[in-house]
Q: 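Questions regarding the structure given below will be posed in turn.
Numbering of ligands and ligand atoms starts at 1, following listing order. What you see is a predicted model, and the numbers here were worked out from it, not measured in a lab.
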Amino acid sequence: MINYQSINNIPKIKFNNSSNMSHYNPVTIGNLLTIQKVANEVNSQAQIFLIIGVGGSFLGARAVIDALTPYFCNKKGVEIVYAGNNMSGAYLKELLVYLDTKEVYVNVISKSGSTMEPALAFRVMKGYMEQRYGETARERILVTTDAEKGILKMIAEKEGYRQFVVPSDVGGRFSVFTPVGLLPIAVAGIDIEAFVRGGRQAELDFSGDSNSAIDYACTRYALYQQGYSVEILASFEPRLNKLHEWWKQLFGESEGKEHKGLYPSTVNYSTDLHAIGQFIQDGSRIMFETLIHFEEIDEDVDIPFSLDDMDGLNYLAGRSMNDINATSKDGVALAHEEGGVPVIRIELPKLDAYHVGYLMMFFMKSCGISASFLEVNPFDQPGVEAYKKKMLELLKEDVVNVRE
Ligand code: PA5
């Protein structure tokens, strides 16, 4: 299912798959039928589905949606837009203007219910929806949060919003197979049953004592021990840009603790070959590269034959763009290896819901195992709290200053 090629000269690390971490199963399947029913309702009632959330509360959904919907205008479903993942006033202002002529549903997603970015965006959007839709606003606001606690839970109860549950034992960056990811993905017209099936299959495939998820974790750790400090995730399909972002968060927030961990970085080829490619080939030897490739991508274009061949490209006539792209991937891997960058390859048969689910579960399993090598807890993020604390101190200082 996954073709995983490691690096030849990496020593095998002994890994005992009876450790708690390796048996962590992040899949908690929401009620797919309920989710699909609400997604159908959104599709029949709205032109815009606004997702309010930050970090793990939106990146998984966004990764899948971007990977599996068309580049230009998603005809399959409503348009998905995002808020609450930044603090830009300009973004929010322009969003409000953009929403004004379209029918809107809102899905606010926050496990804690108190994260500043989504909380501020939701306060603004709640007011907007109430002003625009009056009493019926509550039917258009969907809340995904903890089953029992948190400010968002309290607001949802008071206002009578429909609620979806983030399971208490699943952290944001591991939550794409819960309603956090599944509701937006279903609204985008993606087959959530196939996505979950892919995740479940990977869960089975990567549960034994010897498998590619363990190999990937072992290889990363071995390279880390050899002094490599950066892992670059690379792919050749721009649709995967947000999957990169999700991966970056998954590994960065799970492993970067106690002054340990690989720095997760991402590039999109061939675009970045003409930007950061020089550094990767020739600069400081601090990184290794993990190449993701989906062999089959539905849409493609053949290169036409040209009578005059003025651009000298007739030797490629009849070949498809995706085929040429795949060859460029092999060329890049060879060149980077020669340049002293170890390359791990992860190949999947097809860019579809099943295989994206499979890949995301592969990474989540591997991340848990990898963190156990570093002896850090992959499921907390104490470092994120530090900035929040400082920001709150400053904001509260501002309030005092304004009052004085
Ligand atoms: O992965 C994580 O746990 C974090 O990125 C959270 O998802 C993020 O901080 C948002 O938290 P919350 O869902 O509580 O608003």
Q: For atom 12 (P) of ligand 1, is the nearest protein heavy atom under 4.0 Å away?
A: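 There is a protein heavy atom less than 4.0 Å from atom 12 (P) of ligand 1.
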Q: Centroid separation under 6.0 Å, is that true for the rings of Phe206 and Tyr358?
A: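 Yes - the distance between ring centres of Tyr358 and Phe206 falls below the 6.0 Å cut-off.
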Q: Which heavy atom of the protein is the closest neighbour of atom 4 (C) of ligand 1, given with residue, atom name and distance?
A: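 For this ligand atom, the closest protein heavy atom is Glu253 OE1, 3.4 Å.
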Q: Do the side chains of Lys388 and Glu385 get close enough for a salt bridge, i.e. N-O under 4.0 angstrom?
A: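 Salt bridge between Lys388 and Glu385, a charged N being under 4.0 Å from a carboxylate O: yes.
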Q: For Gly55, take its heavy atoms, then give the atoms of ligand 1 lying under 4.0 Å from any of them.
A: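 Near Gly55, the atoms of ligand 1 are 5 (O).
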Q: Looking only at heavy atoms, what is the nearest atom pair of Glu237 and Leu351, with distance?
A: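 Distance-wise, the nearest heavy atoms are CG-CD2, 4.3 Å.
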Q: Starting from atom 8 (C) of ligand 1, what is the nearest protein heavy atom, named by residue and atom, and what distance separates them?
A: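 Of the protein heavy atoms, Val54 O, 3.6 Å lies nearest.
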Q: Give the atom numbers and elements of ligand 1 that come within less than 4.0 Å of a heavy atom of Gln249.
A: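 Reading through ligand 1 atom by atom, the close ones are 1 (O), 2 (C), 4 (C), 5 (O).
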Q: Taking 4.0 angstrom as the limit and counting only heavy atoms of Gly172, give me the atoms of ligand 1 inside it, by number and element.
A: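 So the answer, numbered in order with elements, is 1 (O), 2 (C), 3 (O), 7 (O).
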Q: Between Glu41 and Tyr105, is there a side-chain donor-acceptor contact under 3.5 Å, judged purely by atom types and distance?
A: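 A pair is found: one side chain offers a donor N or O, the other an acceptor, under 3.5 Å apart.
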Q: Lys388 to ligand 1: N or O pair under 3.5 Å?
A: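 For ligand 1, there is no N or O atom that lies under 3.5 Å from one belonging to Lys388.
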Q: Check ligand 1 against Ser112 and write out every atom of the ligand that is under 4.0 Å from a heavy-atom position of the residue.
A: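 Selected atoms, number and element: 12 (P), 14 (O), 15 (O).
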Q: Once you measure the plane-to-plane angle for Tyr216 and Phe251, does it fall in the parallel (<30°), tilted (30-60°) or perpendicular (>60°) bin?
A: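 Perpendicular: the ring planes of Tyr216 and Phe251 meet at over 60°.
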Q: For atom 1 (O) of ligand 1, what is the nearest protein heavy atom, given as residue, atom name and distance?
A: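 Result: Arg173 N, 2.9 Å.
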Q: Report the distance from atom OG1 of Thr34 to atom CD of Gln36, rounding to the nearest 0.5 Å.
A: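 Answer rounded to 0.5 Å: 10.5 Å.
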Q: Under a 4.0 Å N-O cut-off, is there an ion pair linking Lys248 with Glu245?
A: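 So Lys248 pairs with Glu245 through a salt bridge.
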Q: Tell me which protein heavy atom sits closest to atom 6 (C) of ligand 1, plus the residue, atom name and distance to 0.1 Å.
A: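 Ranked first by proximity to atom 6 (C) of ligand 1 is Gly56 N, 3.9 Å.
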Q: Atoms of ligand 1 less than 4.0 Å from Gln381 heavy atoms?
A: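 Answer for ligand 1: 3 (O).
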Q: Output yes when Glu159 and Lys126 qualify as a salt bridge under the 4.0 Å nitrogen-oxygen rule, no when they do not.
A: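 Yes, charged N to carboxylate O under 4.0 Å.
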